[in-house]
Amino acid sequence: IQQHSGYGPRIREVRITPIAIQDPPLLNAAGLHAPFALRTVVELETEDGIIGISEIPGNEATNQALEEASRLVIGKDVYQLTKLQQELEAYFGKDSVADRGDAPWDQRKLVHVFSALEVACLDCIGKLVNRPVVDLLGGKMRDSVPFAAYLFFKYEGAGGDWGFGKDPDAGAWEAARQEEAVDPAGIVKQAIAMCKEFGFQSIKLKGGAFEPELEVACMQALYQEFGPEMPLRFDPNAIWKRETGLKFGKIMEPILEYLEDPVRGQENMAWLRRQIKTPLATNMCTTSFDEIPSAILLGSEDIILSDHHFWGGLRASMELSRVCSVFGRDLSMHSNSHLGISLAAMVHLGAALPRLRYALDTHYPWQSEEIITGGRLAFENGAVQVPSGPGLGVELDRASLEKLHQNYLKCGLKKRDDQIEMQKVHPDWTFQKIRW
Ligand code: GKR
Ligand code: MG
């Protein structure tokens with residue numbers, strides 16, 4: 001069979017810009033967020049001057065792989081995505097399941113590289129055919145995509161140059177975002193402020209930072225405050241032992257919409273899932289197609305929290321939705337600290353999914369900066385309208401990109417390491433993948 005080499009516009013240039021964005025001191029199972037979160041912005045320019053963009057988590061090793069990948073990508077037709085993926089795999093090989101690492105976030109390199117290139121190509125294709133990305137994924141199933149309030153335990157501080165200090169000029173939510181939240185009263189206050197600002201209609205609390213008793217008391221306080229109409233989720237990032245998952249899973253059974261990664265690994269998740277009624281969700285134990293057979297065999301989760309940044313792009317996430325529906329699983333979305341290019345891509349995907357039962361995760365309220373023209377994307381009643389312009393429907397603001405790139409150069413961070421940040425506050429603290 002003759003290989004089709006394609007005849008769409010070819011990629012002339014790939015630009016990779018690491019940026020650093022202000023991030024408050026948020027706590028999680030692996031430690032503390034640094035004052036700056038890293039992202040990487042990728043631009044693909046075609047020979048006829050069309051520019052496609054994407055955004056992925058920032059990491060020096062991934063950026064180096066992206067630089068290497070650009071050499072393979074130059075001269076390729078933007079439409080030939082499957083072939084492009086095959087060529088990248090032939091050159092780099094594939095990430096292994098173990099490459100994901102034990103931290104709450106995914107540390108694989110190549111999945112991020114491919115996702116960055118795929119989303120930028122889809123942005124180009126959308127611009128070429130004058131259609132939004134959602135239409136390239138099968139069309140719009142909803143006009144806006146609902147997100148959940150994503151609460152964090154945190155130390156006082158605005159992050160960025162303010163560090164643990166506060167920006168005195170901040171407005172309502174911006175001021176609330178800087179407050180300490182280490183107990184039920186602080187978490188409830190954070191939830192009220194975030195829901196008031198963005199209109200969220202589901203709430204997730206990131207746990208794994210304190211003893212289960214305290215964190216579960218926070219969930220109970222949220223339930224008291226918002227009542228049974230507000231869906232609640234809790235995510236300790238797999239730091240609990242089986243018995244802890246069972247004890248607190250049972251206690252939270254009456255108040256949770258779902259429980260996210262209470263325990264580590266598919267076997268432990270499957271064990272717990274057999275004993276409690278609450279649906280289990282994951283962005284940690286089933287994170288690639290290679291893990292689907294064992295996930296189904298064992299029955300490790302009810303909901304897969306996809307993330308186009310590490311599931312291999314937007315089309316792969318659509319394929320995952322089909323797999324989920326075949327096996328009676330739901331699909332929703334995971335997030336990390338991010339800006340508007342990622343949010344736009346998440347919204348296009350969320351809008352294209354045939355079934356969307358659960359509001360998606362987003363860290364967006366924790367960020368204050370932007371790299372897209374027109375400023376930050378708006379939430380209405382907790383949802384974001386699907387951008388209607390061609391491609392992702394968002395454009396790079398070059399002045400902001402440059403400013404945030406300067407932040408990257410100044411802050412000196414090269415990859416996310418929450419343990420190091422935590423040790424600046426508690427020198428003896430070490431990450432334990434199962435703590436309680
Ligand atoms: O931002 O600290 C964080 C989160 O813990 C993040 O890294 C996780 O990947 O949001 C994520 C999750 O749902 O596990
Ligand atoms: Mg999670």
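Residues Arg416 and Leu38 form no side-chain contact, since every pair of their non-hydrogen atoms from C-beta on lies 4.5 Å or further apart.
Scanning all heavy atoms of the two residues, the minimum distance from Arg177 to Glu174 falls at NH2-CG, 3.0 Å. What you find for Cys285 and Met269 is that their closest heavy atoms are SG-CG, 3.9 Å. Here the closest non-hydrogen pair linking Glu215 and Ala209 is OE2-N, 2.7 Å. Between Ala30 and Trp105, the closest heavy-atom pair is CB-CZ3, 3.7 Å. Residue Ala148 comes nearest to Ala359 through the heavy atom pair N-CB, 3.9 Å, listed as atom of the first residue, atom of the second, then distance. In terms of heavy-atom proximity, Gly249 sits nearest to Thr278 at O-OG1, 4.5 Å.
In this pair, Tyr364 and His338 present their aromatic rings parallel. The plane angle is below 30°, not in the 30 to 60° band. Between Phe147 and Phe379, the two ring planes are perpendicular [angle over 60°; tilted spans 30° to 60°].
Seen from the ring of Trp240, Arg435 does not count as a face-on cation partner, given the 6.0 Å and 45° thresholds.
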**OP:** List the steps, then state whether side-chain contact (heavy atoms from CB on, under 4.5 Å) holds for Leu404 with Glu369.
**Re:** CA-CA 9 Å; Leu404 299 181; Glu369 290 145 313; 3.5 Å; yes

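Comment: Lys154 does not engage Glu179 in a salt bridge, judged by the lack of any side-chain N to carboxylate O separation of less than 4.0 angstrom.
Tested against Trp173 for a side chain to side chain contact (heavy atoms under 4.5 Å, CB included), the candidates Cys195, Pro365, Ser368 yield a single pass: Pro365. Looking at Leu298, Leu280, Val263 one by one, the single match for side chain to side chain contact (heavy atoms under 4.5 Å, CB included) with Arg273 turns out to be Leu280. Across Arg233, Lys204, Lys277, Arg357, a single residue satisfies salt bridge (charged side-chain N to carboxylate O under 4.0 Å, His left out) together with Glu257, and that is Arg233. Under the side chain to side chain contact (heavy atoms under 4.5 Å, CB included) test applied with His348, the options Val145, Leu343, Val133 reduce to a single match, Val133.
Donor-acceptor pairing under 3.5 Å is lacking for the side chains of Glu370 and Ser400. Using a 3.5 Å distance cut-off with no hydrogens or angles, the side chains of Asp23 and Gln367 do pair a donor with an acceptor.
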